[in-house]
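As the structure is a computational prediction, the values presented were derived from the model and not from experiment. Indexing begins at 1, ligand by ligand and atom by atom, following the structure's order. We use all heavy atoms of the structure for the numbers below, so side chains are in, but hydrogens, waters and symmetry mates are not.
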Amino acid sequence: MIKSVKPGQEVTLYGYVHEFRDLGKIKFIQLRDRTGTIQVTVKNQPDLELNREDVVKVKGKVQESNIAKAGIEVISEKVEVLSKVKKKLPVDPTGVVPSELDTRLKYRVLDLRKPEIRRIFEAKSHLAFAFRDYLYHRGFIEIHTSSIVAAATEGGAELFEVQYFEKKAYLAQSPQLYKQIAVVGGLEKVYLTTPIFRAEKHNTIYHLNEAISLDVEMAFIEDHHDVIKVLKDVFKHMINYTAEKMGMPENKINEIKTYTYTEAVDMLNKHGTKIEWGEDFSKEHEKALYEILKEDAYVITDFPADIRAFYTMRDPEDPRIGRSFDLFYRGLEVSSGAQRIHIPEVLEEELRKRGLDPLDFEFYIEAFRYGAPPHGGFGMGLERVTMKFMNLNNIREAMLFPRDRTRVTP
Ligand code: AMO
């Protein structure tokens, strides 16, 4: 790796030709790998001809240098060409000439060669690792559930249909039903990092048609506040760990406060953004709330039950309210969750209320007929968190190969 070489070492380095200067007898390569660039001075290969982004193997000795930017250079014994660039580069991998997002995504293979683009995926890797690491060390079990499912969980309109032999099936919008069954089955505390699929037709900067969901589900809770505590702790750990690793201490967060939906509605109305109790937050409401609170992260709880998914438990004291919550990060909803209904008859009733047929959910409802602990959990969108952590303008930036209405390749 280029970053770790020291003067005096004999090295073999692999990388891309970032720049090539040919002065006849002497040639200079700026050799680049993902850790940095180094100057290579070539004095013994007069025929060597290179272009930007050719891939080479360099053997040589590292020495201090007055002219090289990094203060060291490699005096080459041999440069071996491993791959030649075959076409004009459609995206400038140095980023000096900017490209549109569409073009960059089409040529992601070149786009990724820019350090600032690679950093997005380094941050995403740290965020996902911190999520897993935190839960693993607290007795949660990582589970894996199928992406091919028979029923909708988050509203019927946003499903991708698949032909599953003679039957119709769907791509999972969420591992919701299965993480619940796993917990009720006795795994008690589980987490997943899994693709979710949403056939949302609209193109927005916050929606992907395939995203990565970080899911948690846990049994034997008193109410949703037990889950909110885990959500806050794991989220803080994800952000603070990643801030440390990425050298972005300004991103660290401390306390995450909780407000009820009713408090949020009051705050919005008081500050001139009209909203009726019972309405779901629009993007404008979310933006206005962020401007009022001016906090990087906060949790809103106790949404009206009717605007939440069918599996949300109602508050026994005020059934208009669902034991539910959302986490907002830099003004964007990044996670949502709830205490779940664990009484089969109540589940059936909530399904019917929403015009859904309990028969379609029989395998799920059945799981609650053999003793089911009170339980709850949440799902968190990894790309949304990455997007806000890295201050990106579009969620597509946070997905290596994003799927949207018009994009299924690369
Ligand atoms: P929900 O539908 O709110 O809840 O999704 C949870 C989180 O997943 C992310 N997300 C998305 N990210 C990018 N593009 C999308 N199209 C997209 N859809 C969702 C968001 C969102 O907050 N089963 C419940 C979770 C639970 O209760 O455990 C669920 O799926 O960050």
Using heavy-atom distances, let me know which of [options] sits nearest [atom].
atom: atom 4 (O) of ligand 1; options: Ser336, Gly379, Gly337, Gly377; value: Ser336
atom: atom 15 (C) of ligand 1; options: Leu208, Leu214, Asp215, Ile212; value: Leu208
atom: atom 30 (O) of ligand 1; options: Gln176, Gln173, Arg198; value: Arg198
atom: atom 11 (C) of ligand 1; options: Glu333, Arg384, Met399; value: Arg384

Under 4.0 Å to a heavy atom of [X] - the qualifying atoms of ligand 1, by number:
X: Tyr206; answer: 13 (C), 14 (N)
X: Glu200; answer: 15 (C), 16 (N)
X: Ser174; answer: 23 (N), 30 (O)
X: Phe378; answer: 26 (C), 28 (O)
X: Lys179; answer: 26 (C), 28 (O)
X: Ser335; answer: 22 (O)
X: Ile395; answer: 13 (C)

For the residue pair [Y] / [X], report whether a side-chain donor-acceptor contact shorter than 3.5 Å exists.
X: Tyr259; Y: Glu295; value: yes
X: His207; Y: Asp404; value: no
X: Thr258; Y: Lys232; value: yes
X: Asp133; Y: His137; value: yes
X: Tyr364; Y: Gln180; value: yes
X: Arg330; Y: Asn251; value: yes

Should [X] be counted as touching ligand 1, given the test is an N or O pair under 3.5 Å?
X: Glu217; answer: no
X: Ser213; answer: no
X: Gly381; answer: yes
X: Val334; answer: yes

Under 6.0 Å between ring centres: does that hold for Phe197 and Tyr170?
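No, ring centres 6.0 Å or more apart.
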Between Tyr241 and Phe131, is the ring centroid distance below 6.0 Å?
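Aromatic pair excluded; centres sit 6.0 Å or further apart.
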Check whether Phe310 forms a cation-pi arrangement with Arg354 (NZ or CZ under 6.0 Å from the six-membered ring centre, at most 45° off the ring normal).
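No, a cation-pi geometry is absent between Arg354 and Phe310.
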Hey, does the Lys NZ or Arg CZ of Lys245 hover above the aromatic six-ring of Phe129, less than 6.0 Å from the centre and inside 45° of the axis?
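No.
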Separation between CZ of Arg52 and CD of Gln30, rounded to the nearest 0.5 Å
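Interatomic distance, Arg52 CZ to Gln30 CD, rounded to 0.5 Å: 12.5 Å.
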How far is [atom] from its nearest protein heavy atom, and which residue and atom name does that atom have?
atom: atom 10 (N) of ligand 1; answer: Ile196 CD1, 4.3 Å
atom: atom 24 (C) of ligand 1; answer: Tyr311 OH, 3.3 Å
atom: atom 27 (O) of ligand 1; answer: Arg340 NH1, 2.9 Å

